[in-house]
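Computed over heavy atoms, backbone and side chain alike; hydrogens, waters and symmetry mates excluded.
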Amino acid sequence: MPTAPRPTPPPRPSLTARRKAETQLEIARTAAALFAERGAAVTADEIARASGVALRTFYRYFRTKEDAVAPLLAAGVRQWLDDLATPPAAPDALPVREVLERTALRALTPADEPAAEALRWTRGLLRAMPGDPALRAVWHRVHHDSEEALRPVLARLTGASPSAARLAAAAANTAMRVAVEEWAAGDGAPDGPQGPAALVVRTMRALTAGLPELDGANGANSVNGANGRGGEQKPGRRGGGEGRGSGRAEPVQEGSATGTPGR
């Protein structure tokens, strides 16, 4: 059966670009910790001093103090998208719905203490947002950008029409966001039974249940999509139904945080 061509890996960033990204991420971690501790009262000068950079350097990287947390959140999103876009190693590709669940589990299961700490910082950021609308705007901007980046990935995996891929991206991205927000509103451990990884399975299934485009095999739908059958549904493969156990994926105990924070 013909399959979609595998995407060419993007070129590796230059050393200068990598160092800049590392500096931004380090400042973002510091900013997240301070926001989680002090809320909107924290200042750009305090973030700069705690990060060991001059205030002028801080503003070279970020327009506002709230923007400083964006790299931490966006790093986790990039890891999720990269994982989702990686071609499957197995000869028999999984249904896209199951791939979404597995990558979501990996993204929201902290693999080590730094990843768990990043999730705890995200909880603090979310709790500080009611008193800082600009901080909430950064959270929603990161998720808007995530949804935009997810659309071509799902279009390639499913072969669905642009409108169907947009709907699927909105549903999957919202499932990730709601899982983190629900976890942050409680007191569960990042890697516990009430952690975001456990919650994302439920939110992903609930929000994608009516999307038959996700039931095709990873990459296999692209040919059908070109023939106008990208949303064709196979018996017993309906999301949320009984044909294949409601699209269940076994929990994968590895990965980073997303939404979602980077490690």
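The closest donor-acceptor contact from the side chain of Thr158 to the backbone of Leu154 lies under 3.5 Å. When atom types are taken as modelled, the side chain of Arg38 and the backbone of Thr43 share no donor-acceptor pair closer than 3.5 angstrom. Although no hydrogens or angles enter the test, the distance criterion places a donor-acceptor pair under 3.5 Å between the side chain of Thr109 and the main chain of Leu105. Between the side chain of Glu98 and the main chain of Pro95, no donor-acceptor pair closer than 3.5 Å is present. Of the possible polar contacts, none joining the Thr208 side chain to the Leu211 backbone as a donor-acceptor pair under 3.5 Å is found.
Ion pair Arg177/Glu181 flagged as a salt bridge, since at least one NZ, NE, NH1 or NH2 atom sits closer than 4.0 Å to an Asp/Glu carboxylate oxygen. Taking the charged nitrogens against the carboxylate oxygens, Arg136 and Glu66 have no contact shorter than 4.0 Å, which rules out a salt bridge. Salt-bridge formation is not detected for the pair Arg120/Asp187: no Lys NZ or Arg NE/NH1/NH2 atom is positioned less than 4.0 Å from an Asp or Glu carboxylate oxygen. The existence of a salt bridge linking Arg97 and Glu101 is excluded, since no basic side-chain nitrogen approaches an acidic carboxylate oxygen closer than 4.0 Å.
Val69 and Trp139 fall within a single hydrophobic cluster, where Ile, Leu, Val, Met, Phe, Trp and Tyr side chains are chained together by heavy-atom contacts under 4.5 Å. Hydrophobic cluster membership differs between Leu207 and Leu214, with clusters built from Ile, Leu, Val, Met, Phe, Trp and Tyr side chains linked at under 4.5 angstrom. Note: the hydrophobic cluster containing Val178 does not contain Val142 (ILVMFWY, side chain heavy atoms under 4.5 Å, direct or indirect links). Residues Val138 and Met129 fall within the same hydrophobic cluster, defined by Ile, Leu, Val, Met, Phe, Trp and Tyr side chains chained together at heavy-atom separations under 4.5 Å.
Contact record, Leu135 with Ala128: CD2-CB, 4.1 Å, taken as the closest heavy-atom pair. Considering all non-hydrogen atoms of both residues, Leu126 and Ala184 come closest at CD1-CB, 3.4 Å. Of all heavy-atom pairs between Arg141 and Ala70, the closest is NH2-CB, 3.9 Å. The two residues Ala165 and Ala160 come nearest to each other via the heavy atoms N-CB, 4.2 Å. Between Pro71 and Phe62 the shortest heavy-atom distance is CG-CE2, 3.6 Å. Considering all non-hydrogen atoms of both residues, Lys65 and Ala40 come closest at NZ-O, 2.7 Å.
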Next item on the list: Report the C-alpha distance between Trp121 and Arg29 in whole Å, list the side-chain angles of each, state the deciding distance to 0.1 Å, and finish with yes or no for side chain to side chain contact (heavy atoms under 4.5 Å, CB included).
Entry: CA-CA 8 Å; Trp121 287 336; Arg29 292 190 181 106; 3.6 Å; yes
Item checked: Thr174 vs Thr203, side chain to side chain contact (heavy atoms under 4.5 Å, CB included): CA-CA, chis, key distance, verdict -> CA-CA 8 Å; Thr174 300; Thr203 58; over 6 Å; no
Note to self: Could you go through Ile27 and Tyr61, starting from their C-alpha distance and side-chain angles, then the distance that decides it, and tell me whether this counts as side chain to side chain contact (heavy atoms under 4.5 Å, CB included)?
What the structure shows: CA-CA 9 Å; Ile27 295 173; Tyr61 289 133; 3.8 Å; yes
Margin query: Using the rule given for side chain to side chain contact (heavy atoms under 4.5 Å, CB included), can you reason through Trp183 versus Leu108, listing the C-alpha separation, both sets of side-chain angles and the distance that settles it, and then say yes or no?
Written below: CA-CA 11 Å; Trp183 167 76; Leu108 292 179; over 6 Å; no
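Looking at residues two or more places apart in sequence or on another chain, you find a salt bridge (Lys or Arg N to Asp or Glu O under 4.0 Å) between Asp45 and Arg49. Applying the salt bridge (Lys or Arg N to Asp or Glu O under 4.0 Å) test to Arg123 and every residue at least two apart in sequence or in another chain returns nothing. Residues meeting the salt bridge (Lys or Arg N to Asp or Glu O under 4.0 Å) test with Glu117, sequence neighbours left out: none. Residues passing the salt bridge (Lys or Arg N to Asp or Glu O under 4.0 Å) test with Arg60, sequence neighbours excluded: none. In terms of the side-chain hydrogen bond (donor to acceptor under 3.5 Å, both in side chains) criterion, Arg19 has no residue partners (sequence neighbours excluded). Applying the side-chain hydrogen bond (donor to acceptor under 3.5 Å, both in side chains) test to Arg202 and every residue at least two apart in sequence or in another chain returns nothing.
More than 12 heavy atoms of other residues, nucleotides or ligands lie within 6.0 Å of CD in Glu148, so this atom counts as buried by the packing criterion. At most 12 heavy atoms of other shown residues, nucleotides or ligands fall within 6.0 angstrom of atom NE2 in His144. Crowding of Glu46 atom CD: a count of heavy atoms from other residues, nucleotides or ligands under 6.0 Å exceeding 12.
For the atom pair OH (Tyr59) and CG (Asp67), the distance works out to 10.0 Å, reported to the nearest 0.5 Å. To the nearest 0.5 Å, atom CG of residue Leu72 and atom CD of residue Glu26 are 10.5 Å apart. Rounded to the nearest 0.5 angstrom, Ser146 OG and Leu73 CG are separated by 11.0 Å. Residue Leu84 holds its CG atom at 5.5 Å from CG of Leu100, rounded to the nearest 0.5 Å. Atoms CG and CD, on Leu150 and Glu147 in that order, are 8.0 Å from each other to the nearest 0.5 Å. Separating the CG atom in Leu119 from the CG atom in Leu125 is a distance of 11.0 Å, to the nearest 0.5 Å.
For the residue pair Thr103 / Asp83, no side-chain donor-acceptor distance below 3.5 Å is found, with atom types taken as modelled.
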